[in-house]
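In what follows, a structure is listed as structure tokens, so that the remarks can point back to it.
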Amino acid sequence: MTIRTLATLLLLAAASAAAPTPSRGQAAPPVRLVVNADQGRYTISRHVYGQFMEHLGHGIYDGVWTKDAAGQWHFRDDVVAALKKIRVPNVRWPGGCFADKYHWRDGVGPRAQRPSIVNTNWGNVTEDNSFGTHEYMELMQRLGAEPFIVGNVGSGSVQEMSDWWDYLNFPGASPMADLRRKNGREAPWNVRFWGVGNEPWGCGGNMRPEYYADVYKRYASFLSPYGATTPFRIAAGGYADNPRWTEVLMRDAGSMIDGIDLHYYTIVNNWTVKGSATGFGEKEWFKALKEAGRADEALTRHSTIMDQYDPRKRVALILGEWGIWHDVEPGTNPGFLFQQNTLRDAFVASVTLDILNHHADRVRMANIAQMINVLQAMILTRGDSMLLTPTYHVYEMYVPHQDATLLPMDGAAGAGSYHLGDDSIPAISASASRDREGRIHVTMSNLDPNRAQTVELELRGARASTVTGRILTAGAMNAHNTFAQPDIVKPAPFGGARVSGSTLTVQLPPKSIVALELR
Ligand code: AHR
């Protein structure tokens with residue numbers, strides 16, 4: 001941190017500590033932010049905008065892979081087209097907990113001959129394995145996304161995982177590569193992102209970190225580089241309040257790890273009664289956004305541990321599962337984790353994505369849970385209908401940050417104050433980047449559902465003459481899209497920003513998310 005940055009932060013902290021609790025409707029004092037446009041150092045990896053798709057409920061079946069009246073399986077073109085618009089960079093698959101139950105050979109070869117299994121993690125439904133390796137790889141090709149496969153450690157073997165790796169990647173003649181050819185695919189797919197198990201501290205085998213670190217090394221040893229394909233080996237990480245897991249992995253296996261897959265879910269009440277996705281008041285709005293903001297603390301904590309073993313930041317921290325987890329929609333299968341998605345969820349997304357952007361130095365991949373019909377989804381389907389959720393729209397608005405240079409911001413941590421009762425959280429979440437064409441992109445959210453905010457942003461080291469933008473907001477905190485009314489929450493043009501030289505002024509309405517482009 002520079003002295004200039006420190007001084008700005010201290011001034012901002014002093015100003016916010018002195019601020020009295022405002023009353024509802026009272027104008028908020030302007031929030032001052034500085035974008036250090038001359039200090040861009042890290043790229044915001046597009047892989048931070050990754051998705052997660054598990055064999056769970058209708059995440060795959062009837063989500064993106066469905067059967068027509070004649071019994072023929074096919075991809076849903078409407079869903080694929082919508083996903084292409086948010087430029088999905090990678091999709092984590094086949095789980096989740098399912099990954100440690102999945103035997104890949106069940107999912108290759110003629111579909112009619114594939115065995116069925118019981119999906120014991122998610123509702124004990126019969127899984128017919130009609131969506132397997134070739135179908136997943138075809139989906140990746142249709143989306144233009146990179147595969148991120150999680151291998152089975154919990155109930156699998158080293159041999160099984162290494163055979164899957166060879167099946168996908170070996171270019172020459174070998175038993176596995178020949179089987180791939182027999183099943184219709186000549187060229188290797190060159191898969192590089194590879195997870196060695198999922199949540200081994202829980203559904204993945206209930207292991208101790210010391211034990212898993214050894215197991216990890218065994219499995220990872222048999223993922224061989226082939227030609228242009230070098231494995232990017234991802235160790236299953238812990239969760240926010242388990243720093244010891246990260247510590248032991250880095251200490252005992254760090255030299256063989258390329259990424260650590262940490263999980264962080266936002267829970268409003270508790271794991272038993274999480275709360276309704278749509279029936280909530282301001283207390284639950286506030287709590288959700290406060291908990292979402294804690295992802296920053298978690299990433300800082302785990303990054304700091306990694307810094308001790310890896311000061312050059314070779315090993316990526318990956319937020320491999322994140323999002324808000326509500327109670328399932330009434331009347332739906334509790335094992336299917338199907339939940340609605342409101343404006344509040346859009347804020348969980350914007351706050352988290354801003355945090356991920358700010359951690360670009362160490363966090364180089366993340367996967368929201370989950371892409372379709374499960375937890376904080378982009379898309380919900382029912383029969384032939386489909387709707388885009390408020391979270392989808394945030395992903396679409398944040399596309400320009402993908403692979404852009406992070407422009408560090410002063411004042412972003414703790415900007416403005418949103419008070420509720422005796423508690424307060426920052427009112428403004430924001431991040432900024434510069435794309436390859438030199439345009440600056442700023443995303444900003446006003447978390448306060450009652451008060452507008454004025455943001456005065458200094459572009460230090462840059463000037464702009466035009467600003468254009470879009471806004472995502474709605475009348476109610478729980479506004480959401482339904483199959484009958486799919487466009488209640490969607491982006492609209494935004495006219496509340498002015499730029500003059502290096503000063504940008506933005507008038508943010510209550511509970512609004514904006515994405516701005518400066519030229
Ligand atoms: O995303 C749902 C589940 O949450 C995943 O299967 C598991 O990894 C996590 O606990």
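In listed order, ligands and their atoms are each counted from 1. For reference, positions follow the sequence shown, starting with 1.
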So which heavy atom in the protein is nearest [atom], and how far is it from that ligand atom?
atom: atom 1 (O) of ligand 1; value: Tyr265 OH, 2.8 Å
atom: atom 7 (C) of ligand 1; value: Glu321 OE1, 3.3 Å
atom: atom 10 (O) of ligand 1; value: Glu199 OE1, 2.8 Å

Heavy-atom contacts with [X] under 4.0 Å: which atoms of ligand 1 show up? List them by number with element.
X: Gln370; result: 1 (O), 2 (C)
X: Leu375; result: 1 (O), 2 (C)
X: Asn198; result: 8 (O)

Pi-cation contact, Phe75 with Arg142 (under 6.0 Å, within 45°): no

Stepwise side chain to side chain contact (heavy atoms under 4.5 Å, CB included) check, Ile368 with Trp322: CA-CA 5 Å; Ile368 189 167; Trp322 70 269; 3.6 Å; yes

Sub-3.5 Å N/O-N/O distance, Glu54 and ligand 1: yes

Distance-only side-chain donor-acceptor flag, Glu127 / Tyr61, under 3.5 Å: yes

Under-4.0 Å heavy-atom contact with ligand 1, by part of Trp325 that carries it: side chain

Partners meeting ring pair (Phe, Tyr, Trp, His ring centres under 6.0 Å) with His58 (sequence neighbours left out): Phe336

Shortest heavy-atom approach to atom 3 (C) of ligand 1 - which of Phe52, Trp122, Phe98: Trp122

Aromatic centroids of Tyr102 and Trp93 separated by under 6.0 Å: yes

Trp104 and Tyr167 aromatic centres sub-6.0 Å: yes

Presence of salt bridge, Arg301 and Asp241, under 4.0 angstrom: yes

